[in-house]
Amino acid sequence: MTEQDRGLSPLVTGIKGRCPRCGEGHIFSGFLTPADRCESCGLDLSFADSGDGPAVLIMFPVGTIVVLLWLITDALFGLSFLVHILLWFSTTIILSVLLLRPFKGAMINLQYKAGAIAGGGPGERDDT
């Protein structure tokens, strides 16, 4: 049964950190380290190379949220600069860490859906 037959979404399975083929096994062996294989269906995950994609995709929404909240709280409460730095630096770190794993999982699962292969160049697909 293929992923299309099962109706698996690469975004949903990626956010959950699940295998793009079976939707049951884990794609991470550590916090951000991709596993070698799915423990459920045995899918070889050597194609997984998300690079800096997830970090770039996280910078924009986290930066926007933090700057907007900084401006709103400064207008409403007039907090000191040191309080703002402590508050928003920690918020930036927490949001980034919480979002990095789901974004990386989604990127890996989208690579699988697009037919990525290990060491493949642009335009190369594994259509087998």
Side-chain angles (χ1 to χ4, degrees):
M1 186 177 284
T2 66
E3 76 267 7
Q4 289 88 8
D5 295 338
R6 293 179 48 119
L8 296 178
S9 163
L11 293 176
V12 173
T13 54
I15 289 170
K16 291 180 178 179
R18 299 297 182 172
C19 173
R21 183 164 64 186
C22 69
E24 295 180 20
H26 298 280
I27 59 173
F28 295 109
S29 61
F31 181 67
L32 291 174
T33 307
D36 295 329
R37 303 190 155 281
C38 170
E39 72 265 6
S40 182
C41 69
L43 173 66
D44 181 15
L45 295 169
S46 62
F47 68 87
D49 182 20
S50 61
D52 293 334
V56 170
L57 292 174
I58 289 170
M59 284 191 302
F60 295 113
V62 168
T64 303
I65 290 168
V66 168
V67 169
L68 285 175
L69 290 176
W70 180 318
L71 293 171
I72 291 168
T73 56
D74 190 47
L76 293 176
F77 306 111
L79 301 173
S80 73
F81 181 73
L82 182 60
V83 172
H84 276 298
I85 291 296
L86 293 173
L87 180 65
W88 302 119
F89 181 76
S90 59
T91 302
T92 301
I93 298 298
I94 291 168
L95 283 175
S96 298
V97 169
L98 288 176
L99 292 174
L100 194 54
R101 185 177 167 122
F103 272 64
K104 185 169 183 168
M107 179 102 30
I108 289 170
N109 285 6
L110 286 168
Q111 287 175 344
Y112 173 78
K113 181 82 169 177
I117 57 174
E124 294 181 25
R125 292 178 55 94
D126 184 16
D127 292 327
T128 56

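Residue indices begin at 1 and follow the sequence shown. Not measured: the values here are computed from a predicted model. Heavy atoms only: backbone and side chains are in, while hydrogens, waters and symmetry mates are out.
Atom CD1 of I94 sits about 11.5 Å away from atom CG of L99, to the nearest 0.5 Å. Rounded to the nearest 0.5 angstrom, S50 OG and Q111 CD are separated by 6.5 Å. Atom CD1 of I72 is separated from atom CH2 of W70 by 14.0 Å, given to the nearest 0.5 angstrom. The line from NE2 of H84 to OG1 of T73 is 4.5 Å long, rounded to the nearest 0.5 Å. To the nearest 0.5 Å, the span separating CD1 on I108 from CG on D49 amounts to 8.5 Å. Going from atom CG of L8 over to atom CZ of R21 covers 11.5 Å, rounded to the nearest 0.5 Å.
For the pair L11 and N109, the minimum side-chain heavy-atom distance is 4.5 Å or more. Side-chain contact between P10 and P20 is absent, with no heavy atoms from C-beta onward closer than 4.5 Å. Taking 4.5 Å as the limit, some side-chain heavy atom of H26 sits within range of a side-chain heavy atom of R18. By the 4.5 Å heavy-atom criterion applied to side chains, F28 and T33 are not counted as neighbours. Side-chain contact between P34 and S29 is absent, with no heavy-atom pair separated by less than 4.5 Å.
With hydrophobic clusters built from ILVMFWY side chains whose heavy atoms lie under 4.5 angstrom apart, L95 does not share a cluster with L86. A continuous path of Ile, Leu, Val, Met, Phe, Trp and Tyr side chains, each step under 4.5 Å between heavy atoms, connects F81 with L87, placing both in one hydrophobic cluster. A single hydrophobic cluster is seen to contain both W88 and I65, as judged by linkage of ILVMFWY side chains at heavy-atom distances under 4.5 Å, directly or through other members. Note: the hydrophobic cluster containing L57 also contains L32 (ILVMFWY, side chain heavy atoms under 4.5 Å, direct or indirect links).
The aromatic rings of Y112 and F47 sit tilted, their planes meeting at an angle between 30° and 60°.
Scanning both residues, L43 and C19, for their nearest heavy atoms gives CD2-SG, 3.9 Å.
Crowding of D36 atom CG: a count of heavy atoms from other residues, nucleotides or ligands under 6.0 Å not exceeding 12. In the displayed structure, F31 atom CZ is contacted under 6.0 Å by more than 12 heavy atoms of other residues, nucleotides or ligands.
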